[in-house]
Colleague: 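Got a structure for you, written out below as structure tokens; questions coming shortly.
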Amino acid sequence: MHVVDARGIAPLLDRQFGLVTRRQLLGLGWGRGAIAHALRTGWLHRVHDGVFSVDARLSPHARWLAATLATGGVLSHVSAAALHGLIRDRTIDVEISKTSSLKPRQGIVVHRPRDLPPGDVMSRSGIRTTTPTRTIVDLAETLDQWRVLDVAHEALHRKVLDVDRLRRQPLQGRKGAASLTALLQRLADREHSALESALKTLCEHAGLPAPTPQYALSDRHHADLAWPDRQLLVEADSWTFHGNQRQWQRDHDRDLTAATKGWRTIRITHAQVHDQPANVIAAPRAALAAP
């Protein structure tokens with residue numbers, strides 16, 4: 001092997017964690033004999049068919065990249081979660097996803113999803129991988145519910161979870177739908193709690209009388225904020241998982257119960273609290289001032 005050949009692949013090795021493929025070597029002018037010689041002398045080590053490394057021991061990133069180079073697939077599931085820093089990868093095999101079929105390969109677990117749209121794929125550290133959000137959707141099919149929730153909370157903490165995209169995921173007939181439903185409900189509860197708190201803060205700053213939180217309108221229905229002496233309710237309308245129509249129905253049953261008892265209800269959204277705080281406060285202020 002000539003020194004110029006080694007120098008020629010140096011940029012590739014730097015970008016690819018010490019890895020190089022047969023196709024890349026041939027494209028750089030290496031002959032099959034040169035590749036065979038590099039393998040015999042230990043200058044290169046075979047990782048997968050057509051994928052080689054200059055290092056005998058691979059880093060986690062090298063293992064992940066090697067699997068995607070060998071298969072043309074996308075890093076996914078636990079391996080993708082580890083790449084995104086959401087979980088520790090204690091597995092030996094690397095998980096990848098590809099919509100077309102692949103022959104089994106040692107050290108690689110292949111998942112064949114029904115679909116893998118471009119919006120669910122990204123590049124991280126030069127490795128094609130599922131996005132954090134798609135990764136969590138995939139993990140719901142293979143991990144228990146509590147582990148999925150732990151990974152999702154870590155993604156929220158790192159601000160890499162696309163909640164809107166998660167909500168748009170079709171759940172009907174999907175394996176892991178129960179875990180995703182539980183996660184969406186957790187997100188809805190978290191958002192609702194934050195919105196209720198923001199509303200209370202706005203009222204305090206505006207000098208309005210302090211409302212009663214979680215006021216019991218009946219045995220079955222509670223209001224987010226209430227001024228009982230004025231029979232005024234304010235409901236924080238956060239996005240909830242309305243694939244569950246029972247929640248939607250409970251909201252409307254509560255409004256009907258309030259109306260039959262002579263209460264007025266004002267509904268406020270997350271966007272209104274943040275974009276129109278003056279209008280948000282004007283509504284309960286006017287209602288409290290009315291005779």
Side-chain angles (χ1 to χ4, degrees), residues 1-135 137-139 142 160:
M1 185 189 313
H2 301 295
V3 173
V4 66
D5 292 330
R7 290 177 179 173
I9 69 169
L12 274 176
L13 297 176
D14 288 341
R15 291 197 305 271
Q16 297 181 171
F17 309 103
L19 300 173
V20 64
T21 67
R22 184 185 302 277
R23 178 175 294 182
Q24 289 170 335
L25 290 172
L26 293 175
L28 289 169
W30 283 49
R32 297 183 184 279
I35 297 173
H37 177 73
L39 289 168
R40 280 197 309 271
T41 58
W43 198 86
L44 285 179
H45 305 271
R46 190 186 306 276
V47 182
H48 298 293
D49 186 24
V51 181
F52 315 108
S53 172
V54 294
D55 300 310
R57 298 186 65 179
L58 301 183
S59 67
H61 283 74
R63 289 176 55 243
W64 297 329
L65 178 58
T68 64
L69 291 174
T71 61
V74 175
L75 198 72
S76 65
H77 294 76
V78 170
S79 299
L83 174 61
H84 291 303
L86 305 178
I87 196 172
R88 286 188 178 182
D89 186 0
R90 296 185 174 92
T91 61
I92 297 174
D93 296 335
V94 176
E95 294 184 89
I96 66 105
S97 288
K98 193 172 184 180
T99 53
S100 58
S101 60
L102 283 173
K103 293 181 180 179
R105 292 173 184 261
Q106 186 175 2
I108 301 176
V109 175
V110 179
H111 300 275
R112 192 176 177 186
R114 288 178 295 181
D115 57 63
L116 190 58
D120 285 347
V121 178
M122 64 180 291
S123 178
R124 185 182 178 96
S125 300
I127 303 171
R128 292 185 71 240
T129 179
T130 50
T131 63
T133 303
R134 175 56 189 260
T135 299
V137 171
D138 290 338
L139 289 176
T142 59
V160 295

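Note: hydrogens, waters and symmetry copies are ignored here, and every other heavy atom, side chains too, is used.
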Colleague: When rounded to the nearest 0.5 angstrom, what is the spacing between CG in Leu75 and CD1 in Ile108?
Modeller: 10.5 Å
Colleague: Taking Arg105 for its side chain and Ala70 for its backbone only, find out whether a donor-acceptor pair lies under 3.5 Å.
Modeller: yes
Colleague: Taking the side chain as every heavy atom from C-beta outward, state whether Leu44 and Val20 have any atom pair closer than 4.5 Å.
Modeller: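 Heavy-atom side-chain distance check passes, below 4.5 Å.
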Colleague: Under a 3.5 Å distance rule, please check whether Arg46 uses its side chain to pair with a backbone N or O of Phe52 as donor and acceptor.
Modeller: no
Colleague: Looking only at heavy atoms, which two atoms of Val78 and Ile87 are closest? And how far apart?
Modeller: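 For Val78 and Ile87, the tightest heavy-atom pair comes out as O-CG2, 3.8 Å.
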Colleague: Between His84 and Val160, does the side-chain contact (heavy atoms from CB on, under 4.5 Å) criterion hold? Intermediate values first, please.
Modeller: CA-CA 9 Å; His84 291 303; Val160 295; 5.8 Å; no
Colleague: Return the minimal non-hydrogen interatomic distance between Trp30 and Ala38, and the atom names on each side.
Modeller: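 Nearest heavy atoms, Trp30 then Ala38: CZ3-CB, 4.1 Å.
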Colleague: Does any part of the side chain of His111, heavy atoms only, come nearer than 4.5 Å to the side chain of Asp138, both counted from C-beta?
Modeller: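 Asp138 vs His111: side chains apart.
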Colleague: Grab the two heavy atoms, one from Thr131 and one from Gly119, that are nearest each other, plus how far apart they are.
Modeller: CG2-O, 3.7 Å
Colleague: Counting N and O atoms only, with roles assigned by atom type, does the side chain of Arg124 sit under 3.5 Å from a partner on the main chain of Leu83, one being a donor and the other an acceptor?
Modeller: yes
Colleague: For a quick test of reading the model, state the closest non-hydrogen atom pair linking Pro132 to Met122 and the distance between them.
Modeller: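 That would be CD-SD, 3.8 Å.
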Colleague: Would you find a donor on one side and an acceptor on the other, under 3.5 Å apart, between the side chain of Arg63 and the backbone of Ile92?
Modeller: yes
Colleague: Using a 4.5 Å cut-off on heavy atoms from C-beta on, say whether the side chain of Leu58 contacts that of His45.
Modeller: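 No, side chains not in contact.
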Colleague: Does a side-chain N-to-carboxylate-O contact under 4.0 Å join Asp115 and Arg134?
Modeller: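 Here Asp115 pairs with Arg134 in a salt bridge, since their nearest N and O are under 4.0 Å apart.
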Colleague: I'd like to check His37 versus Thr41 (side-chain heavy atoms, cut-off strictly below 4.5 Å). Are they in contact?
Modeller: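 A side-chain contact under 4.5 Å exists here.
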Colleague: Which distance, rounded to the nearest 0.5 Å, do you find between the OG1 of Thr21 and the CD of Gln16?
Modeller: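 Thr21 OG1 to Gln16 CD: 7.0 Å, rounded to 0.5 Å.
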Colleague: Which residue, Thr130, Leu139, Thr142, forms the side chain to side chain contact (heavy atoms under 4.5 Å, CB included) with Ser76?
Modeller: Thr130
Colleague: Do you know the tightest heavy-atom contact between Ser97 and His77?
Modeller: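 Smallest interatomic distance, heavy atoms only, reads OG-CE1, 3.7 Å.
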Colleague: Applying side-chain contact (heavy atoms from CB on, under 4.5 Å) to Ile96 and Leu102, what does each step give before you reach the verdict?
Modeller: CA-CA 11 Å; Ile96 66 105; Leu102 283 173; 3.9 Å; yes
Colleague: Specify the closest pair of heavy atoms between Gly31 and Leu26, including all atoms of both residues, with the distance to one decimal.
Modeller: C-CD2, 4.5 Å
Colleague: What is the distance from atom CZ of Phe17 to atom CD1 of Ile127, rounded to the nearest 0.5 Å?
Modeller: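 If I round to the nearest 0.5 Å, the distance is 4.5 Å.
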Colleague: Using a 4.5 Å cut-off on heavy atoms from C-beta on, say whether the side chain of Leu28 contacts that of Leu12.
Modeller: yes
Colleague: Check whether more than 12 heavy atoms from other residues, nucleotides or ligands sit under 6.0 Å from atom CG of Asp14, and answer yes or no.
Modeller: yes
Colleague: Is the closest side-chain heavy-atom distance between Gln24 and Ile9 below 4.5 Å?
Modeller: no
Colleague: For Ser53 and Asp55, indicate whether the former's side chain and the latter's backbone hold a donor-acceptor pair under 3.5 Å.
Modeller: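 Yes; judged by distance alone, with no hydrogens or angles, the pair exists.
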